[in-house]
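If you're wondering where the values come from, they're calculated on a predicted model, not measured in any experiment. Atoms considered below: every heavy atom in the structure, side chains included; atoms not considered: hydrogens, waters and symmetry mates. Residue numbers start from 1 in every chain, and the chains themselves are labelled A, B, ... in the order their sequence lines are given, proteins ahead of strands.
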2 protein chains.
Amino acid sequence: MKTPSVKRKVKMADIGAALGVSAMTVSRAFKGDAGINARTRAAILAKADELGYVFDATASNLRKSRTGFVAITVPSVENANFSATVRDLTKRLQKKNLQILLANTEYDPAEEERLIVQLLRRKPEAVVLTGAQHSQRTRALLTNVQIPVVEIWDLPEQPLGHVVGFSNRTSMSGLVDHMVRTGRRRLAFLGGETANDPRGVQRRAGFVEAMERHGLDATRLIPAGSAPVGMTEGAAGLDLLLDQYPDTDGLLCVSDLVAFGALAQCKRRGVRVPEDLAVSGYGNYEIGRVCEPPLTTIDVHAGQIGSRTADLILDLLDAPAEGAAQRHVIQPDLILRRSTP
Amino acid sequence: MKTPSVKRKVKMADIGAALGVSAMTVSRAFKGDAGINARTRAAILAKADELGYVFDATASNLRKSRTGFVAITVPSVENANFSATVRDLTKRLQKKNLQILLANTEYDPAEEERLIVQLLRRKPEAVVLTGAQHSQRTRALLTNVQIPVVEIWDLPEQPLGHVVGFSNRTSMSGLVDHMVRTGRRRLAFLGGETANDPRGVQRRAGFVEAMERHGLDATRLIPAGSAPVGMTEGAAGLDLLLDQYPDTDGLLCVSDLVAFGALAQCKRRGVRVPEDLAVSGYGNYEIGRVCEPPLTTIDVHAGQIGSRTADLILDLLDAPAEGAAQRHVIQPDLILRRSTP
DNA sequence: GTGAAAGCGCTAACAT
DNA sequence: ATGTTAGCGCTTTCAC
């Protein structure tokens, strides 16, 4: 090894000194500036490599008042839907050398607020929030901030800024319509009672709205517990449902995971799906494609939300202070499978 | 709204000026310094709030030469195993106000190298790498860096620094042992031929090693394609296998996703699992728990890798230049389910 | 308990 | 094509 034993931080001035040029010239060499001698530039890059120089973005960021950071909060990266969004957002932004600052809110608005405060101190150039439900203080912080704010995964009525989302409500209504169209009348909804899952609440609202529109009983609302709800809650929910409303002929679940749990419990109790009970999920998770019977569900195009958000941000960073807030509506798709007739 | 119409950036000096104190006092007020008048401090915090002040971490970072960043590369956050690691790592670090810098390598060492360069410019206080296979230049960059480097998800023979991982090889060997113990002899391995999935290659090596140890034929190695391989490749792989080695009585797959694909194809071809063919997966994905029959698999404790890495980093950042590189070995668990006898 | 001076490493702006 | 000066906003250091 020919590495120097003690490592002092090498800076541009050191490279310059070793070559008899100024720090400014070194700076220009790195950004591939037009106005610089090709030979000098080559020498600088070679020397930088030799000295093990690493460009200091913290200094550059301070001086330029630009960081290349994009902050994003999600309830949980472990959820396959949100991680698809994060992945496609990251993928596109990191190609442009923008760096994601990721934070998990754990479905908690207070934690979201705490994290937003931390994130804003890092001077990101844009902020992406999953969902539209925020604390007072979070809203205040974000309305005063001078950078693009994008709310995703919902269509808020009072958006903070830009929106890339879909209607959890309307898409769930469409699912009810399908159930009714195929002759089901005694429908129930499982999930979405708690405030920490605004998307679940919206889906439940869509259920109620559609039922009332059809003149049907919209009161079969089974709570599944606090987010994140999964397969266990789905199984327990099915028991609750059949105890209370044994004649239910269609069950709409707040997610594919919950629906899968309900499905498994149906098998145990000898309830035939879809003959005795039609079951649907939400989110088009892998599990819904492979279970038996496979689940009718809603594909919200989680990845697309990420890539369109990335595109929006890239546009906004190019354009200097563009005008109105943009609203990009994603159209979820109804996926029909054998769990419904 | 009583917000000022034009927003200039407010700094500590502005708050100080408004109150007749120096920027230094404001700085002390924010860090809850002991040596400061409680009344002064309260006034400063109130004024900061009133002016919409946001602390500038970029300036602080430069001055203090500490950023609170921890960089991590993963092949893909979309993979449920890696996202569990990222989640638990993030969860623990963000409690200490450390900020994750996440980068997706897309299973490509060249992209990894490019991303590492970008990440190091941000002056993270630690770097976490998923896997142990890196380009020459990546290795060089990371051996010269003066911060903790942690390789996770593997047990490299020539580690760059610290390690939090498990043996993909040994755990797969154990699975072979189980198959042999239950009477299977004509075993095949599906997956892991390509260099961009070093974990898959290790698992295949574990298969070969165990087979040879048992004096059995270790040549039934079915390629599944380039990472990431999934259910589709699993189904195709099963066809390849049965065309070439129709008498195979046990199939070990590189992941639960691949195993699930193989399982589905078995159903289509009328191959009974586990009677005609025992099938195992790897990674303990949710899908392996819910498919029929449920999959025998290896639980690598992906979340635990994240939390133990977080603990290690927190320790290292506390201790000033601790001694030797640490090696934390996680013990994967063999999960027996009905896809094997 | 508070302030003044200096500087972290880079780069905009203006020279030459 | 290259150099000089100044300053981004904070915090270390020393002074009082």
Check every atom of C:dT2, C:dG9, D:dT2 against the side chain of B:T25 and return the nucleotide holding the closest atom. C:dT2

At less than 3.5 Å, do the side-chain atoms of B:R63 and the base atoms of C:dG9 form a donor-acceptor pair? no

Under 6.0 Å from the ring centre and within 45 degrees of the ring axis: does the NZ or CZ of A:R121 meet both conditions for the six-membered ring of B:F55? yes

Residue B:R28, side-chain atoms from C-beta onward, closest of C:dG9, D:dT13, C:dT11: D:dT13

A:T138 and A:L142: CA distance, side-chain angles, deciding distance, side chain to side chain contact (heavy atoms under 4.5 Å, CB included) verdict: CA-CA 6 Å; A:T138 303; A:L142 291 171; 3.8 Å; yes

Using a strict cut-off of less than 4.0 Å between a Lys/Arg side-chain nitrogen and an Asp/Glu carboxylate oxygen, indicate whether A:R327 and A:E151 qualify as a salt bridge. no

A:K31 side-chain proximity, nearest of C:dA12, C:dG9, D:dT12: C:dA12

Just to be sure I understand the geometry, which residues of residues 14-24 of chain A put a non-hydrogen atom under 4.0 Å away from DNA chain D? A:G20, A:V21, A:S22, A:M24

Once you build an axis from the first five pairs and another from the last five of the helix from C:dG1-D:dC16 to C:dT16-D:dA1, how far apart in angle are they, to 10 degrees? 30°

Has the side chain of B:R39 got a donor or acceptor that lies under 3.5 Å from a partner of the other kind on the base of C:dG1? no

Distance from B:L316 atom CG to B:I147 atom CD1, nearest 0.5 Å? 11.0 Å

How is B:T58 classified with respect to the nucleic acid when contacts are heavy atoms under 4.0 Å: base, sugar-phosphate, or nothing? nothing

If I take atom CD1 in residue B:I36 and atom C1' in nucleotide C:dG3, what distance separates them, rounded to the nearest angstrom? 12 Å

Step-by-step side chain to side chain contact (heavy atoms under 4.5 Å, CB included) determination, B:V21 to B:T40: CA-CA 9 Å; B:V21 299; B:T40 317; 4.3 Å; yes

Given side chain to side chain contact (heavy atoms under 4.5 Å, CB included), test A:T105 with A:T130 step by step and report yes or no. CA-CA 9 Å; A:T105 66; A:T130 306; over 6 Å; no

Does the ring of B:F69 carry A:R122 above it, NZ/CZ under 6.0 angstrom from centre and within 45° of its axis? yes

Interatomic distance where NZ belongs to A:K11 and C1' belongs to C:dC10 [whole Å]: 10 Å

Rounded to whole Å, how long is the line connecting atom CG of B:N61 with atom C1' of D:dC10? 10 Å

Under 4.0 Å between a side-chain N or O of A:S60 and OP1 or OP2 of C:dT11? yes

From the list C:dG9, C:dT11, D:dT11, which nucleotide is the closest neighbour of the side chain of A:M12? C:dT11

Quick one: list whatever passes side chain to side chain donor-acceptor pair (under 3.5 Å) with B:R199, sequence neighbours left out. none

Atom-pair distance (CZ on B:R66; P on D:dG9), nearest Å: 23 Å

Check: B:E78/A:S83 side-chain N/O donor and acceptor closer than 3.5 Å: no

